[in-house]
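These numbers were taken from a predicted model, which means no experiment stands behind them. Starting from 1, each residue takes its place in the sequence as its number. Reckoned from all heavy atoms, side chains included, excluding hydrogens, waters and symmetry mates.
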Amino acid sequence: MVNKVEKVFISIVVFIMLFCGVFGGLIHDKYHEYIKSHKQMYCYDDIRGPERPVSVIYIESLKYKNRYLDYYRQLESGIEPYLHVPLNAIAGNDHVYVLEYTEDSLLAKVVSYLDLGPKLGGDFRKGWVYAKCLHENAWEAQKPNDDD
């Protein structure tokens, strides 16, 4: 026989499950709706030249900000440096949603949704990218010269 404490416990568990089932989905949908309401830009690194765009490495935490910015400063000065942070990438030319900028506007917090189709699913990535790697338009691959 179930005593009063067990009945209360079971009732609370059932209530929590129903609450999460109903409101969890709504919260999830509203969160992604909020993200998609932000400005959409394209994320690629063309610092080596517009004919050589590459995928962007992003950082998940601002604790790597100084190393990350040093990497890009060296890259802009013509040095091909090493990046000493955990490596995470946003696919080249992938669009992202820009959520905010750091106080100095050097980094932007972005979200990327990567859709790999119905069999492979998708991916949700959130992190900080060098603001100069954000572009209004997707990059276009160089067309081969007819003279070659």
Side-chain angles (χ1 to χ4, degrees), residues 9-148:
F9 179 73
I10 291 171
S11 297
I12 290 172
V13 169
V14 169
F15 175 76
I16 290 172
M17 289 173 54
L18 288 172
F19 182 83
C20 290
V22 172
F23 292 106
L26 292 174
I27 292 169
H28 176 270
D29 292 345
K30 287 293 180 189
Y31 176 70
H32 290 288
E33 189 177 301
Y34 163 76
I35 288 173
K36 291 180 178 181
S37 71
H38 287 79
K39 184 174 184 171
Q40 183 176 316
M41 296 185 82
Y42 291 88
C43 198
Y44 53 91
D45 172 352
D46 63 350
I47 293 171
R48 292 167 188 86
E51 69 285 347
R52 294 179 52 200
V54 296
S55 298
V56 172
I57 301 297
Y58 69 93
I59 54 175
E60 292 179 335
S61 169
L62 287 176
K63 71 181 182 181
Y64 300 112
K65 179 181 177 183
N66 291 334
R67 288 187 208 166
Y68 187 70
L69 289 174
D70 285 344
Y71 169 81
Y72 275 104
R73 286 183 187 117
Q74 290 179 40
L75 193 60
E76 289 174 326
S77 71
I79 299 170
E80 193 66 44
Y82 289 102
L83 181 58
H84 299 287
V85 300
L87 296 179
N88 303 293
I90 294 176
N93 210 26
D94 197 15
H95 73 273
V96 296
Y97 297 94
V98 181
L99 302 181
E100 64 180 292
Y101 289 88
T102 54
E103 214 171 280
D104 56 12
S105 299
L106 293 174
L107 299 178
K109 187 173 196 176
V110 299
V111 169
S112 168
Y113 291 94
L114 180 61
D115 184 5
L116 299 171
K119 289 186 179 181
L120 297 175
D123 195 9
F124 174 85
R125 297 176 183 194
K126 182 166 46 172
W128 297 90
V129 298
Y130 191 47
K132 290 183 181 179
C133 293
L134 293 173
H135 305 274
E136 294 288 332
N137 301 308
W139 67 273
E140 293 186 28
Q142 295 286 328
K143 295 183 174 129
N145 247 344
D146 290 337
D147 299 337
D148 294 339

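Listed by chain and residue number, nothing satisfies the ring pair (Phe, Tyr, Trp, His ring centres under 6.0 Å) test with Tyr58 (two or more places apart in sequence, or in another chain). Residues passing the side chain to side chain donor-acceptor pair (under 3.5 Å) test with Arg48, sequence neighbours excluded: Asp45, Tyr71, Glu80. Glu100 meets the side chain to side chain donor-acceptor pair (under 3.5 Å) test with no other residue; sequence neighbours excluded. Taking Ser105 as the reference, nothing meets the side chain to side chain contact (heavy atoms under 4.5 Å, CB included) condition, with sequence neighbours excluded.
Considering every non-hydrogen atom in both Ser112 and His95, the closest pair reads OG-O, 4.3 Å. The heavy-atom pair separating Tyr42 from Ala138 by the smallest distance is CD1-N, 3.4 Å.
To the nearest 0.5 Å, atoms OG1 (Thr102) and NZ (Lys65) are separated by 4.5 Å. Rounding to the nearest 0.5 Å places OG of Ser55 at 9.5 Å from CD1 of Ile90. One distance of note links OH of Tyr64 with CG of Leu107; it measures 14.5 Å at 0.5 Å rounding. Here SG of Cys133 is found 10.0 Å from OH of Tyr44. Values are rounded to the nearest 0.5 Å. With values rounded to the nearest 0.5 angstrom, Ser11 atom OG is found 11.0 Å from Ile16 atom CD1. Here Leu69 contributes atom CG and Ile59 contributes atom CD1; the two are 7.0 Å apart, rounded to the nearest 0.5 Å.
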> Please walk me through it: do Val96 and Val129 pass side chain to side chain contact (heavy atoms under 4.5 Å, CB included)?
Replying inline: CA-CA 10 Å; Val96 296; Val129 298; over 6 Å; no
>> Could you walk me through whether Leu106 and Tyr72 satisfy the side chain to side chain contact (heavy atoms under 4.5 Å, CB included) test, starting with their C-alpha distance in whole Å, then the side-chain angles of each, then the deciding distance to 0.1 Å, before giving a yes or no?
In response: CA-CA 11 Å; Leu106 293 174; Tyr72 275 104; over 6 Å; no
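Aromatic ring pairs are classed by plane angle as parallel below 30°, tilted from 30° to 60° and perpendicular above 60°; the pair His38 and Tyr34 is perpendicular.
Distance alone, capped at 3.5 Å, places no donor-acceptor pair between the Arg67 side chain and the Val85 backbone. Counting only distance, with no hydrogens or angles, the side chain of Tyr97 and the backbone of Tyr113 share no donor-acceptor pair below 3.5 Å.
For residues 17-30, the salt bridge (Lys or Arg N to Asp or Glu O under 4.0 Å) pairs, not counting sequence neighbours, are Lys30-Glu33. Residue pairs meeting the side-chain hydrogen bond (donor to acceptor under 3.5 Å, both in side chains) criterion with at least one member in residues 125-137, sequence neighbours excluded: Tyr31-Lys126, Lys39-Glu136, Glu76-Tyr130, Glu76-Lys132, Asp123-Arg125.
Heavy atoms of other residues, nucleotides or ligands lying less than 6.0 angstrom from CG of Asp104 number more than 12. Annotation: Phe124, atom CZ; neighbour count of heavy atoms from other residues, nucleotides and ligands within 6.0 Å is above 12.
A salt bridge links Arg73 with Asp70: the distance from a Lys NZ or Arg NE/NH1/NH2 to an Asp or Glu carboxylate oxygen falls below 4.0 Å.
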